[in-house]
Amino acid sequence: MNNVKIDKSLTTGSITEHSFLPGLKGKLPKDTGIFIVMIGIALIFELLGWFIRDQSFLLNPNRLLLIILQVAIIGIIAVGVTQVIITTGIDLSSGSLIALTAVVAASLAQTSDSISPMYPHLLDLPAAIPITAGVGVGILCGFINGFLITRTGIPPFIATLGMMVSARGLAQYYTKGNPVSFLSDDFTAIGQGAMPVIIFLVVAIIFHIALKHTRYGKYVYAIGGNMISAKVSGINVNKYLVLVYTIAGGLAGLAGVVLAARVSSGQSSMGQSYELDAIAAAVIGGSSLMGGVGRITGTLIGAVILGLIKSGFTFIGVDSYIQDIIKGIIIVSAVAIDMHRNRKKR
């Protein structure tokens with residue numbers, strides 16, 4: 001079984017590829033349609049900005065920086081979530097994993113100036129230690145998700161929902177509800193300036209290459225395209241599903257570490273609803289909840305679209321509750337369009 005042959009249609013994500021411009025299919029990059037949507041949204045908010053507030057939406061450096069930083073955190077999670085969705089799975093735990101990994105990393109990044117350190121004998125540690133601890137906790141939780149799904153047959157929705165609740169509870173228990181602050185400069189440096197964006201782009205490039213050019217990517221698409229065919233072809237489906245959820249957990253852990261470094265604090269309330277934003281970024285970017293379809297480039301654009309929508313509505317004065325309603329409508333619409341396309345192709 002070392003030289004496994006797999007039906008090419010199961011490994012390219014071409015079974016239900018999204019095409020916003022069907023007449024130009026094959027002539028333009030696959031993400032051209034969603035990229036045009038992103039540009040259109042940005043221009044709409046620019047026009048609304050001048051009409052409602054007599055100000056520019058796109059030409060404000062501080063606003064653009066905030067959008068980019070928000071996109072970076074959500075984007076790191078969404079890269080992992082995209083891979084889960086490609087396998088027809090779902091991960092609802094990433095937001096809570098951000099909180100858990102953030103407080104674990106922050107507790108090991110405290111300095112000797114801390115008023116009430118969590119570990120008085122473990123102060124001023126090298127930044128590599130809290131970073132590794134935070135990412136490691138995320139990896140462990142992701143592995144548990146994958147193990148439960150593959151070994152017990154628990155549906156991904158239920159397994160990751162359980163982890164979502166448990167991880168949030170662990171974060172609250174670990175900190176007793178108190179923020180963990182007084183973090184070292186070496187640790188907080190990874191969350192300052194352009195570092196979160198650089199980390200996100202590096203992560204996106206790595207997994208774009210992995211999905212497109214490695215055996216891992218071929219197997220992930222094959223599992224999502226047709227799990228039974230993947231098993232018949234000799235793929236160790238359980239092994240790769242565990243790996244996918246482990247990667248998703250590790251990336252959530254990385255996002256939690258970066259967020260704690262960015263705000264110089266670890267809090268059990270961090271990451272609320274981030275899992276929904278990550279899923280939305282993947283779905284808006286072209287990932288199909290039916291499995292077998294998804295691209296990191298599309299997810300990146302989807303994350304930018306979410307950032308533009310959130311910042312744009314805030315800019316023109318739309319209430320945050322209305323923003324949530326609109327975001328929900330966008331997610332449902334994206335899924336409905338994807339299901340309609342799948343029905344037509346069948």
Side-chain angles (χ1 to χ4, degrees), residues 66-82 84-85 90-107 134-135 137-138 141-142 144-145 156-181 183 191 196 200 245 248-284 299 302-303 305-311 313-314 318-332:
L66 181 60
I67 292 173
I68 293 171
L69 290 174
Q70 289 174 338
V71 166
I73 301 297
I74 295 299
I76 293 172
I77 311 169
V79 169
V81 169
T82 297
V84 170
I85 290 175
I90 199 74
D91 188 354
L92 300 177
S93 65
S94 51
S96 294
L97 290 186
I98 281 183
L100 179 59
T101 57
V103 298
V104 169
S107 69
V135 175
V137 169
C141 292
I144 292 172
N145 281 336
F157 180 89
I158 300 300
T160 59
L161 178 63
M163 180 61 73
M164 178 183 75
V165 177
S166 298
R168 183 73 63 183
L170 281 171
Q172 292 171 342
Y173 177 78
Y174 187 76
T175 62
K176 302 298 186 291
N178 299 315
V180 184
S181 52
L183 311 186
F200 168 45
Y245 281 93
L251 291 177
L254 176 61
V257 170
V258 173
L259 183 57
R262 178 184 161 194
V263 301
S264 301
S265 176
Q267 302 175 36
S268 60
S269 60
M270 283 178 161
Q272 292 184 357
S273 298
Y274 277 33
E275 65 278 354
L276 300 181
D277 286 343
I279 293 170
V283 172
I284 292 171
T299 296
I305 287 175
L306 283 179
L308 285 172
I309 290 172
K310 181 175 182 179
S311 181
F313 279 131
T314 300
V318 175
D319 188 90
S320 61
Y321 300 111
I322 302 299
Q323 293 183 36
D324 289 339
I325 294 171
I326 295 172
K327 187 190 299 181
I329 292 172
I330 291 172
I331 295 171
V332 172

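Computed from a predicted structure; not experimentally measured.
- Residue pairs meeting the salt bridge (Lys or Arg N to Asp or Glu O under 4.0 Å) criterion with at least one partner in residues 269-279, sequence neighbours excluded, are Asp277-Lys327.
- Listed by chain and residue number, Val318, Asp319, Ile325, Ile326 satisfy the side chain to side chain contact (heavy atoms under 4.5 Å, CB included) test with Ile322 (two or more places apart in sequence, or in another chain).
- Looking at heavy atoms from C-beta onward, Lys310 lies out of side-chain contact with Leu306 at the 4.5 angstrom threshold.
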Exercise answer: donor-acceptor pairs, residues 90-97 side-chain atoms, under 3.5 Å, sequence neighbours excluded:
residue	atom	partner	partner atom	Å
Asp91	OD1	Ser93	N	2.9
Asp91	OD1	Ser93	OG	2.6
Ser93	OG	Asn145	ND2	3.2
Ser96	OG	Met164	O	2.7

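- Leu170 pairs by the side chain to side chain contact (heavy atoms under 4.5 Å, CB included) definition with Leu100, not counting sequence neighbours.
- When all heavy atoms of Val79 and Thr299 are compared, the closest pair comes out as N-CG2, 4.5 Å.
- Considering only heavy atoms from C-beta on, Val103 stays 4.5 Å or farther from Ser107 through its side chain.
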Under 3.5 Å, side-chain donor or acceptor atoms of residues 249-273 against the rest of the protein: list the pairs with distances, not counting sequence neighbours.
residue	atom	partner	partner atom	Å
Ser265	OG	Val180	O	3.4
Ser265	OG	Gln267	NE2	3.4

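- Looking at Phe313 and Ser320, their side chains never come closer than 4.5 Å, going by heavy atoms from C-beta outward.
- Within the model, atoms CG of Asn178 and CD of Gln172 stand 11.5 Å from one another, a figure rounded to the nearest 0.5 Å.
- Taking every heavy atom of both residues into account, Ala282 and Ile85 meet most closely at CB-CD1, 3.8 Å.
- With rounding to the nearest 0.5 angstrom, the CG atom of Leu69 is 6.5 Å from the CG atom of Leu66.
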**OP:** Please test Ile144 against Tyr245 for side chain to side chain contact (heavy atoms under 4.5 Å, CB included), starting from the C-alpha separation and ending with a verdict.
**Re:** CA-CA 8 Å; Ile144 292 172; Tyr245 281 93; over 6 Å; no
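- The distance from the CD1 atom of Ile74 to the CD1 atom of Ile279 is 11.0 Å, given to the nearest 0.5 Å.
- In terms of the ring pair (Phe, Tyr, Trp, His ring centres under 6.0 Å) criterion, Tyr174 has no residue partners (sequence neighbours excluded).
- No donor-acceptor pair under 3.5 Å is formed between the side chain of Ser311 and the backbone N or O of Gly307.
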